[in-house]
Amino acid sequence: MALFIKNGRVVDPSSDIDDFLDVLVENGKVKEIGKNLKADLSVDEIDAKGLIVVPGLIDIHTHLREPGHEYKETIKTGAEAAAAGGFTTIACMANTNPVNDNASVTRYIINKARTEACVNVLPVGAITKGLKGETLAEIGELKEAGVVALSDDGRTVRNSEVMRRGLEYARSFSVPVICHCEDTFLSGGGVMNEGVVSTRLGLKEIPPIAEDIMVSRDILLSTWTGHPVHIAHVSTAGSVRIIREAKARGIKITAETAPHFFSLTESSVESFNTSLKVNPPLGSENDVKAVKEGLKDGTIDVIASDHAPHSTVEKDVEFDNAAFGMVGLETSLSLSLVLVKENILTFSQLIEKFTTNPSRVLNIDKGTLAKGADADITIIDPEAEYVVDKNMFKSKSNNSPFHGCILKGRSVYTIVSGRVVFSH
Ligand code: DOR
Ligand code: ZN
């Protein structure tokens, strides 16, 4: 099985490549990359003229809802949504039902993904049993079963002693920890960011310090235990500043944000569109500005979708009662390309945040087009303009506030192990 991708602009931050090159794929691996390559006539060809060829995108933060909530998303449909969005690898969070806090759930996900998913699916295990924040999950067992990271995402490990022990165990098994930072005593019952908009709308508020305080705590615990942490979905100016300062002091932490945190502000909630209800909540203009600055100066290493599918049962209700979360796999790349247009990131820096950096956080052999690497490749048409149509999503859910928006740039071929799994 071979594939020849010719005439494209190849951008691979892992090898510092940005040049017009051909890529030859054989037996699921990158065989060669160079100028004017020749391939057998029998080989399948993609003419990438006018397109950009990059390492397959990695989403470090996806919620698939299987097992337990298959009516929202299955491993199969989530993987299809990923492929449509240009992702070749996704890490799926542990807040399924049952929770992925033991080896049998991890194995179930891995086996299901092997037969049904068109992209690589890497399970994230829970830090605590049932995400209850009380007793540690069987971390060694989870690691052996194949989790790539640990996280109670969706919830914070409120008890600092439990979090400390979790980090110590994670350290001894060399598993990265992804922190959902939220002081639930401060955020409890809130549905949107605290500020003038929440006052005007009369909605219960979540103060930004609910995030900032836990970011500080987890950085302190990380320093104390000597185990690096990855901060999930950074959304506030405060946490960007705290992470920046910690990095400047040499603390080995990493951080991600999601496209909605640099594309939308709290004022959009005036529409009461429940797709805009996310946790952490959409911030102020100042928060958005800080998140962009954090992306620009490298404080924020990764862009992750936080794809959180919910059905109409959870979303076609009053704002107060709606579930938190929005789907993101199919819009993340296009929304992030705006950062290049706004001169916040170069194209290569953007791709770094979708490939090399998440791969480094998870310590996986992905995110590169180096010779011999898995042929996971995304081909982007930077000029393709389209109207987001949530009814066309591959995802089972359509809770996207971007329905109807005109976006520019998208994946036109998504290739996993040398096989085209999505083409537009
Ligand atoms: O908005 C969110 N939705 N934030 C989370 O932390 C969890 C997620 C979900 O699982 O729906
Ligand atoms: Zn999440």
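Atoms within each ligand, like the ligands themselves, are counted from 1 in listed order.
Between the side chains of Asn399 and His310, no donor-acceptor pair of N or O atoms lies under 3.5 Å. One side chain, Thr74 or Thr77, offers a donor N or O that lies under 3.5 Å from an acceptor on the other. A donor atom on one side chain and an acceptor atom on the other are found under 3.5 Å apart for Asp12 and Ser14. The closest side-chain donor-acceptor pair between Arg158 and Thr184 falls under 3.5 angstrom.
Ring geometry for Phe319 against Phe272 counts as perpendicular: the plane angle is over 60°, on a 0 to 90° scale with 30° as the lower cut. Ring geometry for Tyr71 against His69 counts as perpendicular: the plane angle is over 60°, on a 0 to 90° scale with 30° as the lower cut.
Using a 4.0 Å heavy-atom criterion, the residues that approach ligand 1 are His63, Arg65, Asn95, Asp153, Gly154, His180, His233, Val278, Asn279, Ala308, His310, Phe324, Gly325.
The ring-ring contact (aromatic ring centres under 6.0 Å, His included) test applied to His230 returns no partner, not counting sequence neighbours.
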Please tabulate, one pair per line, all N/O donor-acceptor pairs under 3.5 Å involving side-chain atoms of residues 129-137, not counting sequence neighbours.
none

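Counting only protein N, O or S atoms, the number found under 2.8 Å from the Zn ion (ligand 2) is 4.
To the nearest 0.5 Å, the span separating CG on Asn120 from CZ on Arg114 amounts to 11.5 Å.
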